Amino acid sequence: MSVASNTAPFTHTLLANIAPGMQASINARLTKHLPDLYQTLQALYGDQFSNEQAFATWLAELLQVTGEIIAVRPQPLQELDTARSTDKSWFAKENMLGYCCYVDRFAGDLRGVQQRIPHLQELGVTYLHLLPFLKARAGENDGGFAVADFDAIEPRLGNMADLEELSTALRAAGISLCSDFILNHVADDHPWAIAAKLGDPRYRDYFYHYPDCTIPDNFEKHLGQIFPQVAPGNFSFVPELQEWVWTTFYPYQWDLNYSNPNVFADMAAALLRLANRGVEAFRLDSTAFLWKRTGTKCMNQPEAHQILQALRSLVEIAAPGVLLKAEAIVETAELPAYLGSKDEINLKQECHLAYHSSLMAASWVALTEQDTRLLRHVFAGTPMLPEQSSWLTYVRCHDDIGWNVLRPEASMEAEDVQQRLARVSRFYAGDGSYARGASFQANDPAAVHGTVGMAAALTGFSSAQTTAEKHLARQRLLLLYGLSFCFGGMPLIYMGDELAQTNDEAYQQVPAQAADSRWLHRPVWDEELYGQRHSRSHDAGAVFNALVYMLQQRRQLPQLAAQAARHLLNAKDSAVLAFIRGNPDEALLFLGNFSENSISLNIAELLVDYDISGQGWVDQLSKLDVDVTVTLQAYSQLWLVRKYGNIV
């Protein structure tokens, strides 16, 4: 029997809740995506059921709930689904720009965010990622990442009506709202965890729980530690259960047991309900950790990818206007699979977007070493994107910069990897450098610490004493963002970077934050800096105007769309990163100098392996013609296009 025949009864189950006028479009989606959903879930969970009929009953219940959610999807969101179904790469174009912030740090609450829409529009933002705003655990909650209720807003930030009003206002402004959706775990005061503590057998099996340390100790032999100083180990003893529970991150964050199909069903329904509130994108937190297997690091397991593939199929059926973004901070070679992978016949789609964390970390290393060789290795190891997908490129985010993600690339050089990355970490902690960051947690004093700090502090604004030093700090910050804008993907601005906002040392005086140095780079929005944004005599104004201008130019360059070709060039001076975007006859040539020295290079020599003339270029940023031999000043960049084109 064919897969299509197997899935026919499920089509009727889902459509039973759909209004007649919607059934044709929903049926078309089912025809395309239900076979993949069926196959993936059967491979993932078929063995969990006593027979095929039991699996079919479970799947029918999942699709019935999905149909009920589709049936109440608001009309404006249905129209968005239709529009984006005909333009599958809408999010991968050169006009896309993300912005990331905490609701309370940016604007107080959800209503305050709505008042800041004009600022987002001035930057050209098309995608707003608000860090966790769902109801969080009482007390410590990992900055909101310990979710107590997926169907409620954190009370101090507003309510669901405020969320719907904000999403409507953002949509009217051409901005898609992105919410965090924490896939890996829930808070220990989430209703599922509370029910488990009370002995409910259904919900006990939503989590990994063990009567003693025998099995946990066996797992621990192969597991890393996320927060070794404040939350060592991956298991926590829960007195109410008298058992050990898997807690990868903090003891109050219980890992969900995705080998239980009911966990997948309930989490998928929670995501789709939020999509009906107007959330157009979901940052899927901790995707690499979703499946546990003895003898492994319990990261990047095949079943984790199957979970994401099934979730993608379900979203394509219920809300195809919605994006899924993988937060998988893994080595470069492991990243592409989170966007999709090919079997013998088809592309198995996963997330639409994935953070390119190794590109981000390598760009900071290039600044430290004034050498781009490691960054070039990352370039070379990054494949072209699958269709209908994009990288998320960024300079900073709410988390630390983890240097260990670069170990494979760093091992390609002769120097000891540990010493090299540890030196980078010390540099950004201010050890004899212009940077003013700090080290993040590590369980070994000799280990490679992550780095915390705002981009402006790490690039030298906080230590600059002279006009020349401030100029270099600005050039470094703009160079990193220029690379993010040109690499190929959706660039993301982290709140405050556009104003050169520096570290928030006050976090140490807040008991709930003092043990987590990541709050160093989670400052409250600075109204004074915002008021200076149009004044070029202030750092905030100089950076803001430069970024806005660069983004205006980016929107005129189809070569910078995510799917456009990218080719790394072999610049003789290792301090220079050179690459081209787009087709050779309409190429954009990016040149970036990651050193404090001026460097001259010959464009014709750079392009010797390509059918592109070394003459006839103009810098898109300065609008100046460029000779075959160009000089790059310290930390400067050029975006070169052909003079005969229609771009400039």
Side-chain angles (χ1 to χ4, degrees), residues 7 9-34 36-38 40-41 45 56-85 133-135 147 149-153 159-161 163-165 167-168 171 176-183 186 190-192 256 258 261-284 307-325 351-352:
T7 59
F10 301 114
T11 298
H12 297 301
T13 299
L14 188 144
L15 290 177
N17 294 288
I18 306 299
M22 296 175 58
Q23 287 194 2
S25 61
I26 303 301
N27 189 50
R29 297 180 208 160
L30 285 166
T31 300
K32 184 174 182 180
H33 298 289
L34 185 53
D36 282 343
L37 178 66
Y38 176 88
T40 304
L41 289 177
Y45 294 125
T57 299
W58 171 79
L59 181 55
E61 291 172 355
L62 169 63
L63 292 173
Q64 180 180 346
V65 171
T66 301
E68 292 168 356
I69 293 172
I70 295 172
V72 297
R73 187 155 170 80
Q75 183 64 32
L77 298 178
Q78 293 180 37
E79 294 170 359
L80 193 70
D81 292 337
T82 300
R84 290 178 175 172
S85 293
F133 54 77
L134 297 177
K135 185 178 179 182
V147 175
D149 190 341
F150 290 104
D151 292 299
I153 301 297
N159 54 42
M160 279 295 180
L163 176 63
E164 292 179 12
E165 184 178 330
S167 68
T168 299
R171 194 160 55 252
S176 296
L177 175 61
C178 174
S179 167
D180 278 278
F181 193 76
I182 292 80
L183 275 180
V186 296
H190 187 283
W192 301 342
L256 290 165
Y258 275 95
N262 293 324
V263 169
F264 174 86
D266 282 353
M267 289 295 284
L271 183 146
L272 293 179
R273 288 194 298 271
L274 278 170
N276 274 5
R277 301 283 191 177
V279 176
E280 297 180 26
F282 292 92
R283 174 188 177 272
L284 303 180
I307 291 166
L308 296 176
Q309 290 164 12
L311 194 58
R312 172 69 178 266
S313 294
L314 206 57
V315 166
E316 292 288 355
I317 292 167
V322 165
L323 298 176
L324 300 179
K325 177 174 62 173
C351 294
H352 302 79

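Atom set for the values below is all heavy atoms of this structure, side chains included, hydrogens, waters and symmetry mates excluded. Note that the structure is predicted; figures quoted are calculated from it, not measured.
When side chains are defined from C-beta on, R84 counts as touching S176, because their heavy atoms get closer than 4.5 Å. Here the side chains of V322 and L77 are not in contact, with every heavy-atom distance at 4.5 Å or above. Put simply, the side chain of F282 does not reach to within 4.5 Å of the side chain of V315, judged on heavy atoms.
Here the shortest heavy-atom pairing between C178 and R283 reads SG-N, 3.8 Å. The two residues I307 and F264 have their closest heavy-atom pair at O-CE1, 3.7 Å. The minimum heavy-atom distance between F10 and A60, with the atom names listed, is CE2-N, 3.9 Å. Considering every non-hydrogen atom in both I182 and M267, the closest pair reads O-CE, 3.4 Å. Of all heavy-atom pairs between K325 and C351, the closest is C-SG, 4.2 Å. Scanning all heavy atoms of the two residues, the minimum distance from A310 to L37 falls at O-CD1, 3.4 Å.
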Side chain to side chain contact (heavy atoms under 4.5 Å, CB included) between Y258 and L183, worked out: CA-CA 10 Å; Y258 275 95; L183 275 180; 3.4 Å; yes
Could you walk me through whether V279 and F181 pass the side chain to side chain contact (heavy atoms under 4.5 Å, CB included) test, one step at a time? CA-CA 11 Å; V279 176; F181 193 76; over 6 Å; no
Decide side-chain hydrogen bond (donor to acceptor under 3.5 Å, both in side chains) for R312 and T40; before the verdict, give the C-alpha distance in whole Å, the side-chain angles of both, and the deciding distance to 0.1 Å. CA-CA 11 Å; R312 172 69 178 266; T40 304; over 6 Å; no
Could you go through the side chain to side chain contact (heavy atoms under 4.5 Å, CB included) check for D36 and E316 one step at a time? CA-CA 11 Å; D36 282 343; E316 292 288 355; over 6 Å; no
Side chain to side chain contact (heavy atoms under 4.5 Å, CB included) between L41 and Q309: does it pass, once the steps are laid out? CA-CA 9 Å; L41 289 177; Q309 290 164 12; over 6 Å; no
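Taking CD of E68 as the reference point, atom CD1 of I18 lies at 9.5 Å (rounded to 0.5 Å). Rounded to the nearest 0.5 Å, atoms CG (N159) and NZ (K135) are 13.0 Å apart. Taken to the nearest 0.5 Å, the CD atom of E165 stands 8.0 Å off from the OG1 atom of T168. With rounding to the nearest 0.5 Å, the separation of CD in Q75 from CG in D81 is 10.0 Å. Atom CZ of residue R29 and atom OG of residue S313 lie 13.5 Å apart, to the nearest 0.5 angstrom. Between the CD1 atom of I153 and the OG atom of S179 there is a distance of 7.5 Å, given to the nearest 0.5 Å.
Panel note: side chain Q78, backbone R73; a donor-acceptor pair is recorded below 3.5 Å. The main-chain N or O of R277 is found under 3.5 Å from a side-chain atom of S167 such that the two form a donor-acceptor pair. Looking only at distances, no side-chain donor or acceptor of Q64 sits under 3.5 Å from a matching main-chain atom of T13. Using a distance-only test at 3.5 Å, with no hydrogens or angles considered, no donor-acceptor pair links the side chain of Y38 to the main chain of L59.
Checked against side chain to side chain donor-acceptor pair (under 3.5 Å), R171 has no partners two or more places apart in sequence or in another chain. Among residues two or more places apart in sequence or in another chain, the salt bridge (Lys or Arg N to Asp or Glu O under 4.0 Å) test is passed with E61 by none. D149 pairs by the side chain to side chain donor-acceptor pair (under 3.5 Å) definition with nothing, not counting sequence neighbours. Qualifying ring pair (Phe, Tyr, Trp, His ring centres under 6.0 Å) partners for Y45, counting only residues two or more places apart in sequence or in other chains: W58. Listed by chain and number, the residues in a side chain to side chain contact (heavy atoms under 4.5 Å, CB included) with T66 are L14, L62, I70, L272, L314, A318 (sequence neighbours excluded). For H352, the ring pair (Phe, Tyr, Trp, His ring centres under 6.0 Å) criterion is met by F91, not counting sequence neighbours.
Under the side chain to side chain contact (heavy atoms under 4.5 Å, CB included) rule, L134 has a single partner from V147, D180, L163, D151, which is V147.
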